[in-house]
Amino acid sequence: MKNYNPEKIEKKWQRYWEKKKLFQTKKTFDKPKYYILDMFPYPSGAGLHVGHPKGYIATDVIARMKQMQGFNVLHPMGWDAFGLPAENYAIKNKVHPRVATEKNIKIFKKQLGLLGFTYDWSREINTTDPEYYKWTQWMFLQMFKKGLAYESYAPINWCPSCQTGLANEDLEDGKCERCGSAVEQKPMRQWVLKITDYAERLLNDLDKLKNWPEAIKEMQKNWIGRSEGATVRFVIASEAKQSYNNYNGNSGIASSSPSGIPRNDILEVFTTRPDTLFGATYVVVAPEHSLIENCLPAYLRYVNIPTVCKPVGRKIENFADIAAYVEKAKHKTVLERSELQKDKTGVEIKGIKAINPVNGEELPIFVADYVIGGYGAGAVMAVPAHDDRDMEFAKKYGLPIKTVVEPITGQKKDNEEFRRSIVALVRDPKNNKLLSLNWGEKFGGNLFIGGGLKDGEDAVKCAQREIEEETGYKNVKLIAESEKIHHHYFAASKNVNREIEAVGLFFELSDEKNGGQNLTDKEKDKFKLEWITEKEADEKVKDPLHHYLFEKFVKNSAYTGDGLSVNSTFLDGLSTKEAKEKIIKWLEDKKYGERKINYKLRDWVFSRQRYWGEPIPLIFCPACKKSMENFLPQDISRKETISNGERLNPGWMAIPEDKLPIKLPNVKSYVPTGTGESPLAGIQKWVNVKCPKCGGPAKRETNTMPQWAGSCWYYLAYIMKKISNFPAYRQAGNFPISNYSKAFDWWLPVDFYVGGAEHATRHLIYARFWHKFLYDIGVVNKEEPFEKLQSVGLILAEDGRKMSKRWGNVINPDDVVKEFGADAMRVYEMFMGPFSQPCAWNTNGLVGTKRFLEKVWFLFDRVVKSKTKQKNDGIASSSPWANPRNDKITSVLHQTIKKVTEDIEAMRFNTAIAKMMELANELSKQETISIEHYSLFIKILSPFAPHFCEEIWSLLGHKKSVIFEKWPEYDAKSAMENEIILVVQVNGKVRDSLIAPAEISEEEAKKQALASEKIQKWLEGKEPKKIIYVKGKLVSIVV
RNA sequence: GCCGAAGUGGCGGAAUUGGUAGACGCGCACGACUCAAAAUCGUGUUCCUUCGGGAGUGAGGGUUCGAUUCCCUCCUUCGGCACCA
């Protein structure tokens, strides 16, 4: 055998595959289909590093195996080529982004070509191709027509460096994901997609995705962030009691204006704890709240929202303060507002009050930026006693704190004994230490002073008595008393379950007289008196009741858990769950609110003020808008409004389908204008058009779509690409999309999708959203696009950091291929470690896989044509129980076939390769190897090292590619070993191992184990108490 | 703070209905070949050891004849989310 020369072999076979068009997906419905998809790359100027192809190698291995198993495989590749980097490059170097992108694609394609992938390049797609984005635009228009796209003026994330608006998903720690600049909130005209209409389905259908990693599903769940609660409406008492009275008497009052903006004489809040409504002591609105927009003239300069409501502004007394605060909040970056500024700030809106519908109390209204404008109603009822944030704010501004929930600690148990008791905390004001009794580990460690209430005894008296009895201190001053706490626990000292109703009392020590005295010896034995610091108390006082009181008195924490309602009239005594139900019913009856589900997921800000993206195919006509407004019925129902894009966005109209695509025009400068308009706005000739409805002057939308748009549906594009070649559709043109239905039905869903976990909350949510929409309008007939998903673990650089130009630690696949060959690289990347885990690159590791391939290569020299002269493995043939059919090699080979087949299916490539290495090691011990064995080995190795195996396959005398071979079937009988190693344990420790026939009986195994000399020695003549036998594995003797 | 994943030799990692811990690979050591080196091949390689054994899978405890695997408590690392009412 000549030497293994990867460079020569790989070029040869790549050329052969291309010439024979081996990997073009066949147009046949005869075979079962298998659609395996990679996340297509963004062709950056940096080219590929060795980390990128990891996922592609994996899908290629699977694609090759599936093809050999008789599937019609679709394994395509394309380019997600719109996006900021190409545009920034264009600005810097004055090159059209298309030119730069095309150059990059060429480089990427060449690099991928080196690795011998089975991509069907005849289906290559590119999101920047007008023939492609024609459909992206078409799909956007369908959403527009269904009222799922709307124009919004709300403040959005604005990146000052990229000069564009960003979606929530594009932020990383409050910074722009692209450039790292701190993101600001800026009111801006934007197109927004109503992904929130699909929130419930996106969440619920996650349960149907059985073959998705739990971690990804969990991330999506958190991102969607469903929370159940209620809307509560507070009347604003701005016009004395009049509006409250009106409201009270008028049950049918609308809470929203036709445009969906809350009426500003009613303040709507969202809460997940409606049961605490009686505990509300103030109300907070976000700086972005419409209440403020409408009362602050300065704000109106930015925002032009039609308002049908009479402003309450004239009732507000402190315009200037509020305006200053709102202005300041607006300029805070997202980062400042959340992470750095945990410290809460706010301003009271003086002159108006919110009336608590449940008891008529007048509550002050604050504007504070700890309330987020875009979530819920943009306003909250503050219940400081039962919410951490409200508590913090209330403490800072001296607002009342009203307890309406009595805590329940511990778990309710059976046969509980009921007692009333007290827990007393005593603080020494001189050093802030707390008095505690250490009862020892057995009886709960450190506790505060506790005791049972005697009949008719007052809690304070009781506490003072207990303090004196147990510690000797007489002079203590009460500073605080808690609500009742219901505590369930097991009293170890008495051996009973108890429910106690406890009251906590907080004292300060007045003087230190008599401390530690008057204690009987018996008491001294039970516990030790200790003064502990607050920090020690936090750590050492573990009892839930005592720790709760510590949190309450010392840390002033809110109780946010469930419990029993108190101070809440008709809710008193109900559990949190019951109280929620009852109050919601009450609110609904009185029309003060209703049950409501909210999502953290925001609508998707879908426009970018940049050049290199799909133009949004809409036209705006001012005349049409005016005429629409004239005819707009005053009381149009919300439902009708939202189901129609043109009604929802007056003056905007969709470009007719036959005019698509709206091509991206050439511009002189790609530099963003920064005014909130894209560079396209400067091209008068392109912008100004005739209105297709009235013929008057109209303008095109100049914003473009975000980078994520093209990737929302690209898995469909691969199917559409060659559709005209399907016999049934040969005559059909591109439109309408129903021409593709049959092909979609055939190929969808994608059977297997492989890509980075970083897309869990963006691309994978967006794509699911689009797919569900396409399902709703009948384009596809499956509700989910991706049947099975697997995330790729990152390949880190040798220094353990991410591979990046910045660190200078990038490894280029071209160099690796040149030095070790593509096959060695493919095998190495699959062998490094578990596929989904991150793993550091180690060039030394490649030496091992190259050696492995060379070992297999030279095994060729030992291949013999006839299998009759096979020499059996020594042990096996000499053994009296030998099964003559099974030599050792046959059984190892079949075990390998089994393992490789199962491991590829389960993405455990590393162990599949390890097993093949074992097989190679086993084979190299043989003088001769049968051609049957060797051929089977080559077949199962071929998905990993395709060029290598093609070469050997042809050297074995085959004329056709190994890809046409049938995937080897595992034969259970052949895989059986003749002999097993029987381990013998004495008292759980391994003391001997015996070679025994595979089909040895239990009796015989035990007999042989006991007969062993070594075992006899360990038994020391004692009789075994018990002998455990595990079939085919071990005998365990207990003495 | 909340949610999720993971901690095993010098290194990447293997082993799950609880049954020989360290497969496979790298590295290292020794040997063969060589004038020599590289490459290649062979042998060894968890630690301690008085060579009988003993200890050992992040730490501590529990269940079991037997625990990397199951249960409890805790620690560390990584990933995601984060004032979401």
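Convention: sequence-line order gives letters A, B, ...; per-chain numbering from 1.
The 5' end of RNA chain B is approached more closely, in terms of each residue's nearest nucleotide, by A:P834 than by the other of A:V990 and A:P834. Comparing A:R602 and A:T849 along RNA chain B, the residue whose closest nucleotide (by nearest heavy atom) sits nearer the 5' end is A:T849.
As the counterpart of B:rC41, B:rG31 is assigned, both hydrogen-bonding distances of the Watson-Crick or G-U wobble pattern falling under 3.5 Å. Base pairing of B:rU64: no nucleotide in any strand meets the Watson-Crick or G-U wobble criterion (both distances under 3.5 Å). Applying the Watson-Crick and G-U wobble criteria (two distances, each under 3.5 Å), B:rA21 pairs with nothing in any strand. Using the Watson-Crick or G-U wobble rule with both distances under 3.5 Å, B:rA55 pairs with B:rU46. When both pairing distances are held under 3.5 Å, B:rG7 makes a Watson-Crick or G-U pair with B:rC75.
Judged by distance alone, the side chain of A:E228 and the main-chain N or O of A:K596 form no donor-acceptor pair under 3.5 Å. Although no hydrogens or angles enter the test, the distance criterion places a donor-acceptor pair under 3.5 Å between the side chain of A:H386 and the main chain of A:V405.
The aromatic rings of A:Y4 and A:F948 sit perpendicular, their planes meeting at an angle over 60°, well past the 30° parallel limit.
Residue A:K1033 is classed as a sugar-phosphate contact, given heavy-atom separations below 4.0 Å to backbone atoms only. Across all strands, A:N910 comes closer than 4.0 Å only to sugar-phosphate atoms, never to a base (heavy-atom distances). In this structure, A:I981 reaches the bases: a heavy-atom distance under 4.0 Å links it to at least one base atom across the strands shown. Contacts of A:K221 with the nucleic acid, taken as non-hydrogen atoms under 4.0 Å apart, are absent. Here A:N921 lies in heavy-atom contact (under 4.0 Å) with sugar-phosphate atoms only. At a threshold of 4.0 angstrom between heavy atoms, the contacts of A:S993 with the nucleic acid are absent.
Nucleotides B:rA29 and B:rG9 place their C1' atoms 16 Å apart, quoted to the nearest Å. Taking atom C1' on both B:rC83 and B:rC72, the two are 34 Å apart, rounded to the nearest angstrom. Between the P atoms of B:rU57 and B:rU68, the separation comes to 7 Å (whole Å). Taking the P atoms as reference points, B:rA67 lies 26 Å from B:rC75, given to the whole Å. Between B:rG18 and B:rG13, the distance separating the two C1' atoms is 22 Å to the nearest Å.
Spacing between atom CG of A:N844 and atom P of B:rC28 amounts to 8 Å, rounded to whole angstrom units. Note: CE (A:M219) to C1' (B:rG79) measures 6 Å, nearest angstrom.
The side chain of A:Y375 places an N or O atom within less than 4.0 Å of a non-bridging phosphate oxygen (OP1 or OP2) of B:rA85.
Under the 4.0 Å criterion applied to side-chain N and carboxylate O atoms, A:E922 and A:K925 are assigned as salt-bridge partners.
Tested against A:L846 for a side chain to side chain contact (heavy atoms under 4.5 Å, CB included), the candidates A:N842, A:N844, A:T849 yield a single pass: A:T849.
The ring of A:F831 has its center no closer than 6.0 angstrom to the ring center of A:F852.
Applying the 90° cutoff around 0 to the glycosidic angle, B:rG22 is assigned anti. Its glycosidic angle being more than 90° from 0, B:rG25 falls on the anti side.
Donor-acceptor pairing under 3.5 Å, judged by distance alone, is present between the side chain of A:Q985 and the base of B:rG19. You won't find any donor-acceptor pair under 3.5 Å spanning the side chain of A:K915 and the base of B:rC24, going by distance alone.
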